[in-house]
Amino acid sequence: LSLHDALPIFLHKTLAYADPLDVSAFSRTSKTAKFFCDNDTLWKELFLSLFDPPRSSVTYPFRSTLQTRIRARTWLAPDAIAKLSDSASDHEATLRALVDIAKSRLPHTSPLPSRSQLFLSTYFQHDTPHLTLDIIRPSSIHNKASRSLYSHLHVFSTPQLRCNALGSPRARTKAREVVYERLNFLRNSNWGPFQSDGSGLVDWTKMEALATVMGANLREALAEDWAEDERDGIELPEGWDSTRSGDQEQSGETASSQHDWAGVEATAWVGTYAFLDFRVWEHYNLHRRKGYHPSLHDEGESVGDCMSLKLTLLPPGELSTPPAAMDDLSDSDDSDYAASLEGSAASTDEDDFPSTSLSEPSPSFVFPSSSPLPSTASTSPPLSFSGTTSPLQFNGTFSHAGLNSSATSARSIRGTVSKTPEGEVHWTYVIRYGGTDQWTMNGVQVGGAGSRFGVLGTWTAADHEDGSPHGPFWYIFLRAWWEE
């Protein structure tokens with residue numbers, strides 16, 4: 001091999017270890033350099049030196065995606081971050097790139113370290129005040145897409161959620177007013193943290209509020225004597241690692257779990273719910289009028305029982321309940337209720353949690369070009385399950401809870417897990433006792449199937465009667481079967 005022939009090889013190897021900005025600068029030094037750097041293999045190696053490999057088997061735009069992410073990294077530099085809020089388009093593009101990085105991390109079950117995880121941890125450390133998510137909060141930009149993306153990223157970065165919620169009563173109040181606003185969780189939002197336009201897409205501003213409320217509630221409860229006998233092994237999800245997906249394709253999986261893409265049987269869960277005094281909930285939602293906006297400032301919440309959950313997957317095609325899709329959206333109950341309160345929904349400060357209601361649906365979450373909407377029809381079909389949870393009854397917690405509370409037979413939980421249009425994991429649970437479906441819960445598993453963060457969402461009465469209360473719940477990933 002001659003020196004003339006070897007030089008391109010040495011140059012390629014050298015550039016593959018360089019920073020992408022340096023490679024870009026080198027490409028502008030001459031036509032020859034530009035020609036040499038116009039190489040898809042080089043840009044693929046540069047991408048994989050900084051970020052995790054894409055999970056998609058289709059052709060991946062390594063170069064354009066890397067350019068987008070490096071541009072976002074440039075905006076995170078201390079001397080540039082102050083200028084980021086001056087440009088709505090740059091702000092949105094930066095947030096979109098960061099969400100894309102968070103969504104594309106390797107599963108936490110992977111033996112390989114996650115480079116994308118390292119990138120996020122480097123720029124957004126809990127103990128580095130000048131590099132927290134607050135520096136990119138879209139407080140000065142009236143851009144709903146940016147706000148939704150920021151909320152999405154904030155849910156992924158669990159440490160800041162709890163730090164901000166416990167350190168700022170005002171932020172916690174605003175989150176609580178989103179969570180307990182009945183307009184946010186009616187039929188068009190599938191009674192859960194979904195957009196209020198019937199699309200089935202996740203509403204990340206609602207998810208951010210739910211995570212803030214439940215994170216703060218559980219941290220306070222664990223600091224006291226809540227569920228002392230049942231809470232062994234419970235650790236609140238902390239850090240970016242808790243929102244990485246799992247991988248159900250573990251060695252030794254059984255035949256019954258081969259189609260269990262969601263890890264229904266592979267996971268043991270523990271969780272709880274929170275609630276307002278019914279009189280407070282009723283006053284906040286049903287006793288308002290134009291010009292009068294009730295507040296939940298200084299209103300306390302209670303945390304319910306510590307509930308363990310173990311599920312059994314039903315045979316393929318056997319549905320214990322209808323799939324977690326929108327039911328009859330032509331029903332006018334929601335619109336009638338929304339119209340009766342139009343203009344009187346609880347106000348929220350845009351710097352904290354934007355108002356989300358049926359009268360003003362949240363924007364659709366738009367995937368970046370590098371992350372097309374996944375097709376889940378064949379790879380992730382809806383799954384049904386049944387199981388046991390203890391305790392099943394709410395022991396007088398809610399306004400109707402006393403009804404049939406003495407009945408202890410024929411208690412059960414059942415439900416479905418499916419993918420939303422953008423590929424998020426949607427869990428629906430129905431709790432039944434006293435011969436009647438009592439409560440339903442709809443939630444989203446943050447980070448995807450198998451994530452340690454678990455399922456976060458809202459509970460409500462199974463019959464969805466007018467005046468029925470609702471509130472947040474959180475089922476935390478306790479352990480997987482291969483860890484037992």
Side-chain angles (χ1 to χ4, degrees), residues 54-58 99-100 102-109 148-149 152 155-156 188-204 206-207 210 243-249 253 257-267 269 311 313-327 329 362 364-368 370-387 414-430 440-458 475 477 480:
R55 301 188 193 184
S56 173
S57 59
V58 299
V99 169
D100 192 36
K103 288 177 66 68
S104 63
R105 290 170 294 169
L106 287 172
H108 62 75
T109 49
S148 178
L149 289 164
H152 196 168
V155 174
F156 273 132
N188 281 355
S189 59
N190 208 24
W191 317 107
F194 302 96
Q195 294 183 21
S196 298
D197 57 5
S199 66
L201 299 173
V202 176
D203 188 321
W204 290 103
K206 295 177 185 177
M207 287 293 291
L210 286 163
T243 55
R244 291 166 65 184
S245 67
D247 185 353
Q248 307 312 320
E249 297 179 0
E253 70 176 19
S257 65
Q258 288 177 356
H259 68 288
D260 187 7
W261 59 265
V264 171
E265 293 187 331
T267 308
W269 306 87
L311 303 175
L313 196 64
L314 297 179
E318 182 177 335
L319 298 179
S320 61
T321 57
M326 296 293 134
D327 53 2
L329 297 182
S362 301
S364 298
F365 177 77
V366 182
F367 274 70
S370 60
S371 300
L373 291 176
S375 174
T376 61
S378 58
T379 59
S380 306
L383 304 176
S384 280
F385 56 81
S386 61
R414 68 185 193 278
T416 60
V417 56
S418 59
K419 288 287 188 76
T420 67
E422 77 271 45
E424 301 294 339
V425 182
H426 175 190
W427 292 76
T428 297
Y429 310 88
V430 179
T440 61
M441 301 187 291
N442 279 279
V444 174
Q445 189 163 7
V446 177
S451 82
R452 297 185 183 278
F453 187 93
V455 182
L456 185 68
T458 52
Y475 267 119
F477 179 106

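Numbering of residues begins at 1 and proceeds along the displayed sequence. If you're wondering where the values come from, they're calculated on a predicted model, not measured in any experiment.
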Student: In Å, rounded to the nearest 0.5 Å, how long is the span from NE2 of H259 to CG of L383?
Tutor: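 H259 atom NE2 to L383 atom CG measures 6.0 Å (nearest 0.5 Å).
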Student: Is any side-chain heavy atom of F194 closer than 4.5 Å to one of S199?
Tutor: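 Answer no - side chains too far apart.
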Student: Angle between ring planes, W427 versus F385, binned at 30° and 60°: parallel, tilted or perpendicular?
Tutor: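 Answer is tilted, since the angle falls between 30° and 60°.
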Student: Mind listing the closest non-hydrogen atom pair of T243 and V155 along with its distance?
Tutor: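 In terms of heavy atoms, the two residues are closest at CG2-O, 4.0 Å.
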Student: Taking all non-hydrogen atoms of both residues, which atom of G447 and which atom of S245 are closest, and how far apart?
Tutor: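 Closest heavy-atom pair between G447 and S245: O-CB, 3.3 Å.
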Student: Might you point out which heavy atoms bring S386 and L314 nearest each other, and give the distance in Å?
Tutor: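 Scanning both residues, the minimum pair turns out to be OG-CD2, 3.9 Å.
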Student: Report the distance from atom CG of N190 to atom OG of S196, rounding to the nearest 0.5 Å.
Tutor: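 N190 atom CG to S196 atom OG measures 11.0 Å (nearest 0.5 Å).
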Student: If you take all heavy atoms of V444 and P193, which pair is closest and at what distance?
Tutor: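 It is CG2-CG, 4.1 Å.
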Student: Pick out which of K103, M207, K419 makes a side chain to side chain contact (heavy atoms under 4.5 Å, CB included) with E424.
Tutor: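 Going through K103, M207, K419 one by one, the side chain to side chain contact (heavy atoms under 4.5 Å, CB included) with E424 is satisfied by K103 alone.
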Student: Rounded to the nearest 0.5 Å, how far apart are CG of L201 and CD of E422?
Tutor: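 Those atoms lie 4.5 Å apart.
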Student: Between the side chain of H108 and the main-chain N/O of G450, is any donor-acceptor distance below 3.5 Å?
Tutor: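 Yes; judged by distance alone, with no hydrogens or angles, the pair exists.
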Student: Closest approach of A449 and W261, non-hydrogen atoms and distance?
Tutor: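 Between these two residues, the closest heavy atoms are CB-O, 3.6 Å.
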Student: Would you compute the distance between atom CG of N442 and atom OG1 of T416 and round it to the nearest 0.5 angstrom?
Tutor: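 Reported to 0.5 Å precision, the distance equals 8.0 Å.
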Student: First locate atom OG of S451, then atom CZ of R244, and finally report the distance between them rounded to the nearest 0.5 Å.
Tutor: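 If we round to the nearest 0.5 Å, S451:OG and R244:CZ are 11.5 Å apart.
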Student: Parallel under 30°, tilted from 30 to 60°, perpendicular over 60°: which one fits the rings of H152 and W204?
Tutor: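 Correct class here is parallel.
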Student: Has D260 got a side-chain atom pairing as donor or acceptor with L313's backbone, closer than 3.5 angstrom?
Tutor: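 No.
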Student: If we ignore hydrogens and angles and just use 3.5 Å, is the side chain of T440 paired with the main-chain N or O of T428 as donor and acceptor?
Tutor: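 Between the backbone of T428 and the side chain of T440 there is no qualifying donor-acceptor contact (under 3.5 Å).
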